[in-house]
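This report concerns only the one structure given below.
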Amino acid sequence: MIHTLDLPECVHFHNCGANRSKTLERLVQVLKTKGCGEINNSHIGNNETLAGWVHRRRDHGNLIFVDLRDRSGIIQVVFNPDLSPQSHKISQQLRNEWVIQVTGTVNPRPDGTQNADLTTGTVELVSEQIKVLNTSKTPPFYINEDSEIDEFIRLKYRYLDLRKQNMKKILSIRHQVVKFMRDFLDQREFLDVETPILIKSTPEGARDYLVPSRLYPGKFYALPQSPQQLKQLLMVGGIEKYFQIARCFRDEDPRADRVVELTQLDVEMSFVDEEDILALIEELYSSLVKTLFPNKKLMTPFPRMSYKDAMDTYSTDKPDLRFELKMSDVSKSVTNSEFKVFSSTIAKGGIVKGFSAPRCAGYPRRQLDDLVEFVKTKGANGLIWIALAGESGDLDNLTVEQIKSPASKFLSVETVKNIAASTGGGIGDLIFLIAGDDKSTNLALEALRNEMGRRLDLADPDMLAFAFVTDFPLLEWEDDSNSWTAMHHPFSSPKDGTEHMLNTSPESVIAKQYDLVCNGVETAGGSIRIHQRNIQEKVFELMGHSKEGIQEQFGQLLDALEYGAPPHGGFAGGIERLLMVLTGINNIRDVIAFPKTQTGVDPLFQAPGIASEGQLKELHLKTTEE
RNA sequence: GGCCCCGUGGUGUAGCGGUUUUAACAUACUGGCCUGUCAAGCCAGAGAUCGCCGGUUCGAAUCCGGUCGGGGUCGCCA
């Protein structure tokens with residue numbers, strides 16, 4: 001029994017890991033005295049031993065130059081037959097990616113031969129001794145220059161791809177970001193607690209990855225989609241402040257910004273309300289950026305908007321706030337329009353909504369046609385554009401001749417004026433409108449807004465426009481299942497005093513739920529959780545679960561809530577998403593050391609692989625032909 | 001599960017209005033020359049039956065169908 005043990009005194013727990021040993025010496029690497037990229041003018045005259053990969057070799061017959069690369073950078077090594085015939089002879093054999101160790105003197109480069117592109121460009125290592133540590137086959141793609149390589153080949157040879165300076169830089173950034181998070185939370189007395197990878201399937205959410213049980217035929221573990229219930233149980237367990245860099249698994253089709261196996265910063269606290277969590281998130285993310293990316297611009301304090309305002313104004317719950325382009329619902333202006341696309345849409349209960357692109361009245365027809373096609377691929381039926389031709393002027397003086405639109409003959413000047421006033425468009429601007437049902441219209445408008453932001457180059461690439469979106473509805477009606485479904489997840493708490501509305505008008509219950517968005521990406525999300533069994537059960541019931549089903553699927557959590565569960569809440573932040581925003585990299589696989597393809601394949605290990613008959617038998621599994 | 005795009009020497013591309021294409025170019029690769037280059041340069045050489053299968057045709061890298069692989073996207077991702 002652990003309470004009978006006399007536990008050793010550790011440093012008081014809030015100090016654990018906070019102090020790094022001052023006496024910790026730099027790790028000595030036996031085969032080299034310095035990193036290639038560390039050498040500079042201060043080392044001139046020193047005798048150094050370097051080791052790394054042959055980045056490039058330039059053979060002048062007598063004089064041979066080798067760019068030697070290791071993680072720290074690149075330095076030029078000179079092989080001079082007059083100074084060291086032995087090493088010059090060996091250097092003739094060298095090829096790209098061979099691994100060598102070179103000992104020599106750091107010399108200043110002769111005047112006029114300095115290379116400003118290298119951090120070590122003012123010096124060079126003059127080889128006195130060289131040892132080939134390993135040879136290399138010719139790599140399947142360039143490591144010493146940047147060019148577009150088929151991603152599958154890059155992944156198949158990921159260990160070579162990672163040798164590129166950019167990839168090493170990304171992994172270094174990832175390390176620093178995660179380390180910052182750990183240190184930040186450690187300093188605030190959060191405990192890093194690991195939770196199981198093999199747990200149990202829960203019916204909500206994404207498809208689970210299943211692991212067959214050898215000991216229990218026909219039963220399966222599931223990999224966690226997130227440690228949600230576990231961290232809530234840690235709160236019941238009195239941990240009070242928990243965090244984890246947690247791996248999460250969701251068996252859904254990947255996208256450019258989505259992978260099946262992702263990493264989250266998972267945080268949970270007890271005895272807190274929304275404001276405490278929001279303050280923590282803001283402090284964490286803003287100090288992370290200020291410390292690690294001092295050149296990035298932030299808007300602090302982070303702007304906040306309600307879910308409703310975000311949807312109304314930006315047609316999305318994850319707006320890119322680096323640029324304006326605000327939406328307006330013009331349904332009222334066009335309810336009785338002769339233009340059937342508008343009037344019939346509204347008659348069917350749909351909306352007409354759009355925004356104005358400033359100074360774009362002269363936007364080329366061809367590009368407009370492209371945009372029409374673009375929104376169709378995003379689920380809209382079409383796109384109506386209205387260009388208000390002219391340099392400038394008062395909207396009141398708008399004339400029929402100035403209105404350029406495929407719908408112009410159906411739209412009166414008065415209607416266009418109303419639409420323009422509503423969308424904030426003026427003479428010289430271009431108005432985009434989409435008609436359709438609420439959901440698909442907003443989806444297409446979000447895509448169009450981001451597309452126009454890109455085309456018009458409206459977003460400052462150095463800006464990190466963090467913002468909070470709050471006040472999400474707790475539930476939304478789902479026609480397919482004919483039941484309520486949790487908008488975020490079923491554990492979010494209703495706002496204080498609104499619990500009774502769960503019985504009367506579930507749709508109007510607002511949750512203590514928040515997202516952190518940045519540049520159009522959802523980077524984190526969380527909520528204050530329900531900590532009372534009856535309310536949690538009520539939410540599950542609304543979601544169409546039976547009493548028995550609830551106990552079967554969520555019994556562990558519900559039971560725990562009955563044993564003095566403290567009020568608690570937290571958040572989870574996607575590490576890959578954050579790295580994409582921080583680095584500007586659009587491909588999520590580029591911020592992961594060993595990612596899978598969009599079809600869930602690991603080209604390097606060729607996973608998933610087939611299991612042997614013996615393995616299947618042990619697991620009580622039989623495979624069938626499709 | 002639907003839709004769109006891509007697949008040509010090691011890599012990246014061109015060729016795709018059907019037959020002088022003996023599949024071109026760059027780079028990488030191999031050999032030679034060369035003492036200050038840094039994407040070194042110069043000379044020479046080797047290397048792809050055009051993802052795979054089938055069809056149309058006198059003739060297919062090229063057109064058609066299927067299939068496999070990759071990317072993007074909708075569904076899905078509480």
Side-chain angles (χ1 to χ4, degrees), chain A residues 55-68 74-83 88 92 95-97 107 109-118 120-121 124 126 137-157 160 202-208 225-226 228-229 248-260 262 373-374 376-380 440 443-444 447 472 474-476 478 480-481 484-492 511 513 522 525 527 539-540 543 553-554 572 574 586-587 589 596-601 603:
Chain A
H55 188 65
R56 195 171 260 126
R57 188 180 69 107
R58 292 176 294 279
D59 185 348
H60 287 238
N62 281 312
L63 216 49
I64 292 175
F65 300 96
V66 165
D67 291 339
L68 187 64
I74 290 173
I75 188 169
Q76 174 166 283
V77 181
V78 189
F79 296 89
N80 189 326
D82 301 336
L83 299 175
H88 179 265
Q92 288 176 317
R95 292 295 180 271
N96 284 352
E97 300 309 313
N107 274 7
R109 291 202 188 187
D111 280 345
T113 66
Q114 287 90 352
N115 184 350
D117 294 335
L118 287 182
T120 59
E124 60 193 10
V126 179
K137 290 167 71 174
T138 302
F141 51 80
Y142 307 109
I143 290 159
N144 52 17
E145 63 182 82
D146 287 322
S147 54
E148 290 290 312
I149 308 292
D150 183 84
E151 204 182 335
F152 192 81
I153 296 174
R154 285 178 57 201
L155 294 182
K156 186 175 173 188
Y157 296 95
L160 297 179
T202 54
E204 291 301 316
R207 199 176 292 114
D208 285 313
Q225 293 176 30
S226 84
Q228 180 61 36
Q229 291 190 55
C248 307
F249 306 88
R250 295 170 191 177
D251 189 3
E252 300 293 346
D253 293 353
R255 288 285 190 288
D257 62 346
R258 211 162 78 190
V259 278
V260 295
L262 58 130
E373 288 310 306
F374 175 78
K376 282 181 182 171
T377 67
K378 300 295 175 183
S440 68
L443 207 64
F472 282 78
L474 182 67
L475 299 162
E476 60 185 343
E478 199 172 61
D480 295 349
S481 58
W484 296 96
T485 178
M487 196 141 179
H488 189 68
H489 62 53
F491 312 110
S492 295
Q513 197 168 288
E522 184 192 323
S527 64
V539 171
F540 285 138
M543 294 173 59
Q553 290 151 9
F554 302 102
N586 295 322
N587 180 345
R589 293 176 294 277
K596 291 177 182 58
T597 68
Q598 200 171 58
T599 44
V601 168

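We name chains A, B, ... by the order of the sequence lines, and we start the count at 1 in each one.
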Could you tell me the separation between the [atom1] atom of [X] and the [atom2] atom of [N], rounded to a whole number of Å?
X      : N     : atom1 : atom2 : value
A:R109 : B:A40 : CZ    : P     : 13 Å
A:Q114 : B:C38 : CD    : P     : 14 Å
A:I149 : B:U13 : CD1   : C1'   : 12 Å
A:D117 : B:C38 : CG    : P     : 11 Å
A:L118 : B:G36 : CG    : P     : 19 Å
A:D150 : B:G51 : CG    : C1'   : 12 Å
A:I74  : B:U37 : CD1   : P     : 19 Å

Charged N-O contact under 4.0 Å between A:D253 and A:R258: no
Provide the distance between the two [atom1] atoms, one in [N] and one in [M], to the nearest whole Å.
N     : M     : atom1 : value
B:C77 : B:G69 : P     : 25 Å
B:U67 : B:U57 : P     : 23 Å
B:A28 : B:C6  : C1'   : 23 Å
B:C53 : B:C38 : C1'   : 49 Å
B:C68 : B:G15 : P     : 29 Å
B:G9  : B:C29 : C1'   : 11 Å
B:A23 : B:G66 : P     : 31 Å
B:G70 : B:G65 : P     : 22 Å

Look at all strands and tell whether [X] reaches a base, only sugar-phosphate, or nothing, counting heavy atoms closer than 4.0 Å.
X      : answer
A:P110 : base
A:I153 : sugar-phosphate
A:F152 : sugar-phosphate
A:E373 : nothing
A:E476 : nothing

Smallest separation among heavy atoms of [X] and [Y], with atom names:
X      : Y      : answer
A:N80  : A:H88  : C-CB, 4.3 Å
A:T485 : A:M543 : CA-CG, 4.3 Å
A:A444 : A:A380 : CB-CB, 3.6 Å

Nucleotide paired to [N] in any strand shown, Watson-Crick or G-U, under 3.5 Å:
N     : value
B:G7  : B:C68
B:U20 : none
B:G41 : B:C33
B:C63 : B:G55

Which residue lies more 5' along RNA chain B, comparing A:N115 with A:P140 via nearest heavy atoms: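 Result: A:P140.
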Nearest-nucleotide 5' precedence on RNA chain B, A:V601 against A:H489: A:V601
Residues which pass salt bridge (Lys or Arg N to Asp or Glu O under 4.0 Å) with A:E97, listed by chain and number, not counting sequence neighbours: A:R69, A:R163
Exercise: do A:Q225 and A:D208 side chains pair donor with acceptor under 3.5 Å: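 Yes, side-chain donor-acceptor contact under 3.5 Å.
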Distance below 4.0 Å between A:R58 side-chain N/O and B:A40 OP1 or OP2: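 Answer is yes, contact under 4.0 Å.
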N or O in side chain of A:R56 less than 4.0 angstrom from B:A39 OP1/OP2: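 Checking A:R56 against B:A39: no side-chain N or O falls below 4.0 Å of OP1 or OP2.
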Distance-only donor-acceptor test, A:E148 side-chain atoms vs B:U11 base atoms, 3.5 Å: no
Backbone N or O of [Y] within a donor-acceptor pair of the [X] side chain at under 3.5 Å?
X      : Y      : value
A:R109 : A:G121 : yes
A:E252 : A:R207 : yes
A:R57  : A:I64  : no
A:S492 : A:L474 : no

Aromatic ring pairing A:F554/A:F491, orientation class (parallel under 30°, perpendicular over 60°, tilted between): perpendicular
Sequence-aligned protein contact record of nucleotides 27-35 of chain B, with B where the base is within under 4.0 Å of a protein heavy atom and S where only the sugar-phosphate is: BSSSS--BB
Summary of protein contacts for nucleotides 71-77 of chain B, nucleotide by nucleotide, where a base hit scores B, a sugar-phosphate-only hit scores S (4.0 Å, heavy atoms): BBBBBBB
Flag side-chain contact, heavy atom, 4.5 Å: A:V601 against A:Q598: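 Of all side-chain heavy-atom pairs linking A:Q598 with A:V601, none is under 4.5 Å.
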Aromatic ring of A:F141 stacked on base six-ring of B:U11, 5.5 Å, 30°: no
